[in-house]
S.K.: 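Quick one: the structure is below, and I'll ask about it shortly.
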Amino acid sequence: TSVIKKTDPFRIKLRGSNFHPDVVVLLNNGQIYPWNNISYKNTHLIVLKGGPALKAQFPMGVPVEITVVNGDGGSATITYTR
């Protein structure tokens, strides 16, 4: 999985493989909460949306753990620092 930050509005693109339409994304191992504003593009791309609310979850210089969980239980975790 790789992370690409986009701006205006702020969003996070996650590239990987085998993403399912029922994907759930947890920030900091679910300690923050599941991020529900997700756009499933295809099995290789999902986009976390939310503008300022999403940006607030990624403070500058602070590593944030992103865990992608498919409905079948498959998962991947990556740490991203903005």
Side-chain angles (χ1 to χ4, degrees):
T1 303
S2 67
V3 178
I4 302 165
K5 175 186 67 96
K6 296 291 193 173
T7 58
D8 203 19
F10 186 88
R11 59 203 183 283
I12 300 285
K13 286 184 160 187
L14 299 173
R15 294 195 181 275
S17 61
N18 199 32
F19 294 142
H20 294 194
D22 60 356
V23 68
V24 174
V25 175
L26 305 174
L27 302 179
N28 278 333
N29 207 19
Q31 293 175 11
I32 296 175
Y33 48 80
W35 192 258
N36 295 318
N37 195 349
I38 300 169
S39 178
Y40 171 85
K41 299 298 186 180
N42 57 52
T43 60
H44 301 288
L45 176 65
I46 57 175
V47 180
L48 306 183
K49 302 184 304 183
L54 179 62
K55 187 175 185 177
Q57 304 307 315
F58 291 88
M60 191 67 78
V62 177
V64 176
E65 188 176 85
I66 303 168
T67 302
V68 179
V69 183
N70 284 327
D72 67 358
S75 67
T77 300
I78 189 167
T79 300
Y80 174 71
T81 304
R82 179 169 75 93

S.K.: How many angstroms lie between atom CZ of R82 and atom CE of M60, to the nearest 0.5 angstrom?
M.R.: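 Those atoms lie 4.0 Å apart.
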
S.K.: Between atom NZ of K5 and atom NZ of K13, what is the distance when rounded to the nearest 0.5 Å?
M.R.: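 Output value for this atom pair is 13.0 Å.
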
S.K.: If you group Ile, Leu, Val, Met, Phe, Trp and Tyr by side-chain heavy-atom gaps below 4.5 Å, do V25 and Y40 land in one group?
M.R.: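 Same hydrophobic cluster.
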
S.K.: Closest heavy-atom contact between G51 and P9?
M.R.: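 Minimum heavy-atom contact is CA-CB, 4.4 Å.
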
S.K.: Report the C-alpha distance between Q57 and V64 in whole Å, list the side-chain angles of each, state the deciding distance to 0.1 Å, and finish with yes or no for side-chain contact (heavy atoms from CB on, under 4.5 Å).
M.R.: CA-CA 8 Å; Q57 304 307 315; V64 176; 5.9 Å; no

S.K.: If hydrophobic clusters are built by linking Ile, Leu, Val, Met, Phe, Trp and Tyr wherever their side-chain heavy atoms come under 4.5 Å apart, do L54 and V47 end up in the same one?
M.R.: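 As far as the 4.5 Å side-chain criterion goes, V47 and L54 are not connected within one cluster.
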
S.K.: Measure across H44 and S17 and return the closest heavy-atom pair with its distance rounded to 0.1 Å.
M.R.: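 That closest heavy-atom pairing would be ND1-CA, 3.7 Å.
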
S.K.: Rounded at 0.5 Å granularity, tell me how far OG in S2 sits from CG in L14.
M.R.: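 The CG atom of L14 is 8.0 Å from OG of S2, to the nearest 0.5 Å.
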
S.K.: Give me the atom names and distance for the closest heavy-atom approach of P63 to T81.
M.R.: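 That closest heavy-atom pairing would be CA-OG1, 3.3 Å.
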
S.K.: Out of curiosity, I46 CD1 to I12 CD1, how far, rounded to the nearest 0.5 Å?
M.R.: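 Between I46 CD1 and I12 CD1, I get 11.0 Å after rounding to 0.5 Å.
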
S.K.: Whether the side chain of N70 engages the backbone of D72 through a donor-acceptor N/O pair (distance < 3.5 Å, no angle test) should be reported.
M.R.: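 Such a contact is absent between N70 side chain and D72 backbone.
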
S.K.: Anything under 30° is parallel, anything over 60° is perpendicular, the rest tilted; go ahead and classify F58 against Y80.
M.R.: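 Taking Y80 first and then F58, their aromatic rings stand perpendicular (interplane angle over 60°).
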
S.K.: Can you find a heavy atom in the side chain of L27 that is under 4.5 Å from one in the side chain of I66?
M.R.: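 Yes, their side chains come closer than 4.5 Å.
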
S.K.: So L48 and I38, side-chain contact (heavy atoms from CB on, under 4.5 Å) or not? Walk me through it.
M.R.: CA-CA 5 Å; L48 306 183; I38 300 169; 3.8 Å; yes

S.K.: So, taking the atom named CD in E65 and the one named OG1 in T79, what distance separates them when rounded to the nearest 0.5 Å?
M.R.: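 Nearest 0.5 Å value for the CD-OG1 distance: 5.0 Å.
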
